[in-house]
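Step one of this worksheet: look at the structure below.
Note that the numbering runs from 1 along the sequence shown for the chain. Fair warning: this is a prediction, and the values are worked out from it, not measured in the lab.
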Amino acid sequence: QVQLVESGGGLVQAGGSLRLSCAATGRIFSITAMGWYRQAPGKQRELVADIRSGDSTNYADSVKGRFTISRDNAKRTVYLQMNSLKPEDTAVYYCNVDATSEIDYFTEKSYWGQGTQVTVSS
């Protein structure tokens, strides 16, 4: 099965930086896209950034210019560099991967990480 392992969350002061990592493991056939979502208490989960084939990227307006998404295809890992963090960035961040598995390589499935807490103090 496909599993996503996240790391890099923590507590920082406003203006600080964090780097999140998410490694995809298991019997993966092909990865189509990788991205990051976040969910703050009492709020809906929202897209933060994603990266697709051809290395095209997409960012939420609230993080443009501050966050950078990247990936290492050999390691099947996606990163999110977060700079100039604000208190409103506080949330649980979830890694998301769209991929096909070796047992069903015709069907693309969306997989989710366990979430990592990011807390930004003012």
(request) Would you name the heavy atoms of Val5 and Gln114 that are closest together and state the gap between them? (result)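 For Val5 and Gln114, the tightest heavy-atom pair comes out as CA-OE1, 4.2 Å.
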
(message) Looking at every non-hydrogen atom in both residues, tell me the closest pair between Leu4 and Gly113 and how far apart they are.
(response)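 In terms of heavy atoms, the two residues are closest at CD1-N, 3.6 Å.
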
(message) Please identify which of these residues, Ile31, Val97, Val2, meets the side chain to side chain contact (heavy atoms under 4.5 Å, CB included) condition with Arg76.
(response)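 The side chain to side chain contact (heavy atoms under 4.5 Å, CB included) with Arg76 is passed solely by Ile31 among Ile31, Val97, Val2.
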
(request) From the options Asp50, Ile51, Leu20, select the one residue that forms a side chain to side chain contact (heavy atoms under 4.5 Å, CB included) with Val78. (result)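 Of the listed options, the one satisfying the test is Ile51.
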
(request) Just grab all the salt bridge (charged side-chain N to carboxylate O under 4.0 Å, His left out) pairs involving residues 78-94, residues at least two apart or on different chains. (result)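 Output for this query lists Arg38-Asp89, Arg66-Asp89.
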
[atom1] of [X] to [atom2] of [Y]: how many Å apart, nearest 0.5 Å?
X: Glu108; Y: Asp98; atom1: CD; atom2: CG; answer: 5.0 Å
X: Glu102; Y: Arg27; atom1: CD; atom2: CZ; answer: 4.0 Å
X: Phe29; Y: Ile103; atom1: CZ; atom2: CD1; answer: 13.0 Å
X: Thr90; Y: Gln117; atom1: OG1; atom2: CD; answer: 7.5 Å
X: Gln3; Y: Tyr111; atom1: CD; atom2: OH; answer: 11.0 Å
X: Asn96; Y: Tyr37; atom1: CG; atom2: OH; answer: 5.0 Å

(request) Decide whether Asn83 and Ser17 meet the rule of one side-chain donor and one side-chain acceptor closer than 3.5 Å. (result)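 Looking only at side-chain atoms, Ser17 and Asn83 do form a donor-acceptor pair, the distance falling under 3.5 Å.
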
(message) Distance alone, cut at 3.5 Å: any donor-acceptor contact between the side chains of Ser101 and Asp104?
(response)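 Looking only at side-chain atoms, Asp104 and Ser101 do not form any donor-acceptor pair under 3.5 Å.
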
(message) Angle between ring planes, Tyr93 versus Phe67, binned at 30° and 60°: parallel, tilted or perpendicular?
(response)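 Tilted, since the angle between the ring planes falls between 30° and 60°.
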
(request) Tell me whether the guanidinium CZ or amine NZ of Arg19 lies under 6.0 angstrom from the six-membered ring centre of Tyr79 and within 45° of its axis. (result)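 Flagged: Arg19 positioned over aromatic ring of Tyr79.
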
